Enquirer: 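Sending over a structure as structure tokens; questions will come in a sec.
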Amino acid sequence: MPGKKGVKRSPPREVNNEATETKKIKISHSSHKTVPGLVLALGQGSVGQLGLGEDVMERKRPALVNLPEKMVQAEAGGMHTVCVSEKGNVYTFGCNDEGALGRDTSVEGSEMSPGKVELKAKVVQVSAGDSHTAALSEDGRVYLWGSFRFFNSSSQCPQLETAKQMVKLAPSAQKRSWLLGSNDHLVMLTIDGDLYSCGCGEQGQLGRVAERFSARGGRKGLERLLIPQCIRVKAKGSGRVPFRDVFCGSYFTLAISKEGHIYGFGLSNYHQLGTRSTNSCFTPQNMTSFKNATKSWVAFSGGQHHTVCLDSEGKVYSLGRAEYGRLGLGQGAEEKSEPTVIQGLSDVISVACGASVSYAVTKEGHAFAWGMGTNLQLGTGEETDEWSPVEMTGKQLENRTVLSVTSGGQHTVLLVQDQQKS
């Protein structure tokens with residue numbers, strides 16, 4: 001893929017509002033990471049998404065990214081990477097054609113190495129999509145920059161107006177406590193358990209826009225899609241359904257209610273939502289394929305056409321499209337419409353997906369990968385597909401434990417920590 005030239009972009013603007021002025025509350029969620037570590041990158045990096053400088057376009061094994069601080073979170077977007085430091089600073093690198101880096105890259109080559117995003121707030125979490133980035137501050141404000149892509153077009157994220165609308169739609173007590181973004185949509189969870197979404201809704205991934213309005217928003221235009229609004233979910237006899245977690249795939253969303261039920265909406269053309277049909281879901285559906293009295297679900301991650309699931313016992317499951325080994329179910333595995341256990345993995349604490357690749361991190365700090373090997377994202381040093389989990393290896397992983405793995409369109413990013421000397 002040809003490299004893209006970095007462009008000058010205005011930095012994200014800070015938004016003050018009555019919610020933060022009347023009562024300051026430090027938000028928290030189990031997804032907010034606090035253990036500092038080092039960032040490693042591998043795969044294809046023709047537009048700087050590896051953060052290794054202008055001379056490094058690919059790495060077969062994980063390579064150390066030179067950052068000025070230790071990081072507590074690293075997220076791979078489609079063609080860029082976003083990191084959060086232990087002090088709450090945000091650093092970005094990669095493609096900035098549509099403003100996804102949130103900083104000035106007019107100096108040639110500056111997008112190829114990490115650079116700080118100027119935000120007047122301490123950030124506790126970030127998410128990275130194809131061409132956009134979102135950051136959550138410790139007091140519950142969301143900063144958003146870049147672009148959401150729609151069919152044959154794109155739309156710049158309305159930084160200032162978007163944030164104002166979120167305040168108008170949510171009472172002061174409803175701070176955002178978690179945000180999760182994917183290719184071209186963003187979902188936010190409030191401390192009161194409400195879900196807000198914005199971005200592209202063409203496949204139903206916003207969970208609140210009817211199919212007839214999903215392409216361009218109908219009479220309301222893109223405002224219907226770009227301005228975050230609450231996803232209304234009701235259950236029979238219990239009124240509003242509150243949520244505790246939310247997860248995004250490339251074109252779909254999965255959320256866990258406070259009672260432990262799994263709701264999904266968006267693209268399910270390969271049954272990646274666990275639906276019996278292959279029709280898209282434009283409103284949240286209580287997914288019966290995830291109902292099992294013997295386990296509780298704690299995490300999900302979605303690729304382009306598949307989903308990887310983690311239960312409370314540390315077991316990993318997958319469903320959806322099987323090509324290139326992305327399900328991890330062995331050579332010749334076929335498409336799955338229900339969560340199917342992946343053999344050879346145990347004591348897993350987190351899972352992640354790229355478009356056609358999957359990952360798992362164990363309690364002991366080992367990372368496993370499977371799926372398409374074309375872009376060298378698996379850390380095996382080869383371009384061959386892996387149909388079952390293989391442990392990621394390399395010099396930079398020696399005497400280190402893996403804290404997290406995340407994957408973009410052509411690259412993979414790990415957060416690691418040096419092993420404690422006994």
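The shown structure was predicted, so the numbers you read here are calculated from the model rather than taken from an experiment. By convention here, the first residue in the shown sequence is residue 1.
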Enquirer: Return a table of donor-acceptor pairs under 3.5 angstrom between the side chains of residues 330-353 and protein atoms on other chains or two or more places apart.
Expert:
unit_1 : atom_1 : unit_2 : atom_2 : d
Glu335 : OE2    : His271 : NE2    : 3.4
Thr340 : OG1    : Glu338 : O      : 3.1

Enquirer: Go through the structure and list residues passing side-chain contact (heavy atoms from CB on, under 4.5 Å) with Ser404, not counting sequence neighbours.
Expert: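 Residues passing side-chain contact (heavy atoms from CB on, under 4.5 Å) with Ser404: Leu415.
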Enquirer: Tell me, please, which residues at least two apart from Ala135 pass side-chain contact (heavy atoms from CB on, under 4.5 Å).
Expert: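 Testing Ala135 for side-chain contact (heavy atoms from CB on, under 4.5 Å), a comparison that skips the adjacent residues, returns Leu119, Val123, Val126, Tyr143, Trp145.
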Enquirer: What pairs meet the ring-ring contact (aromatic ring centres under 6.0 Å, His included) rule with one or both residues in residues 333-392, with sequence neighbours excluded?
Expert: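 Listed once each, the pairs would be none.
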Enquirer: Going by the rule side-chain contact (heavy atoms from CB on, under 4.5 Å), which residues pair with Ser312 if we only count those two or more places apart in sequence or in a different chain?
Expert: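 With sequence neighbours excluded, Ser312 shows a side-chain contact (heavy atoms from CB on, under 4.5 Å) to Ser296, Val298, given in chain and number order.
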Enquirer: Within a reach of under 6.0 Å around CD of Glu69, are more than 12 heavy atoms found that belong to other residues, nucleotides or ligands?
Expert: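 Check passes, neighbour count above 12.
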Enquirer: Is it true that His411 and Thr81 share a donor-acceptor pair across their side chains at a distance under 3.5 Å?
Expert: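 There is such a pair between these side chains.
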Enquirer: Considering only residues two or more places apart or on different chains, which pairs with a residue in residues 313-336 satisfy ring-ring contact (aromatic ring centres under 6.0 Å, His included)?
Expert: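 Output for this query lists Trp297-Tyr317.
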Enquirer: Not counting sequence neighbours, which residues clear side chain to side chain donor-acceptor pair (under 3.5 Å) with Thr406? List them please.
Expert: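 Side chain to side chain donor-acceptor pair (under 3.5 Å) check on Thr406 returns Glu75.
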Enquirer: Considering residues at least two apart in sequence or located in another chain, which fulfil the side chain to side chain donor-acceptor pair (under 3.5 Å) criterion with Glu313?
Expert: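 Per chain and number, Glu313 pairs via side chain to side chain donor-acceptor pair (under 3.5 Å) with no residue.
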Enquirer: Taking salt bridge (charged side-chain N to carboxylate O under 4.0 Å, His left out) as the test, write out the residues that go with Glu383, two or more places apart.
Expert: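 Counting only residues at least two positions away or on another chain, Glu383 forms no salt bridge (charged side-chain N to carboxylate O under 4.0 Å, His left out).
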Enquirer: Who passes side chain to side chain donor-acceptor pair (under 3.5 Å) against Ser301, sequence neighbours left out?
Expert: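 Ser301: no side chain to side chain donor-acceptor pair (under 3.5 Å) contacts found.
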Enquirer: Just to verify, what does Thr307 make a side-chain contact (heavy atoms from CB on, under 4.5 Å) with, not counting sequence neighbours?
Expert: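 In terms of side-chain contact (heavy atoms from CB on, under 4.5 Å), with neighbours along the sequence ignored, Thr307 is linked to Phe252, Leu254, Gln272, Phe300, Cys309, Leu319.
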Enquirer: Hey, are Thr283 and Gln285 close enough side-chain-wise for a donor-acceptor pair under 3.5 Å?
Expert: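 Indeed, the side chains of Gln285 and Thr283 share at least one donor-acceptor pair under 3.5 Å.
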Enquirer: Once side chain to side chain donor-acceptor pair (under 3.5 Å) is applied, do any residues pair with Asp385, and if so which ones, sequence neighbours excluded?
Expert: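 Partners of Asp385 by the side chain to side chain donor-acceptor pair (under 3.5 Å) criterion come out as none, since no residue qualifies.
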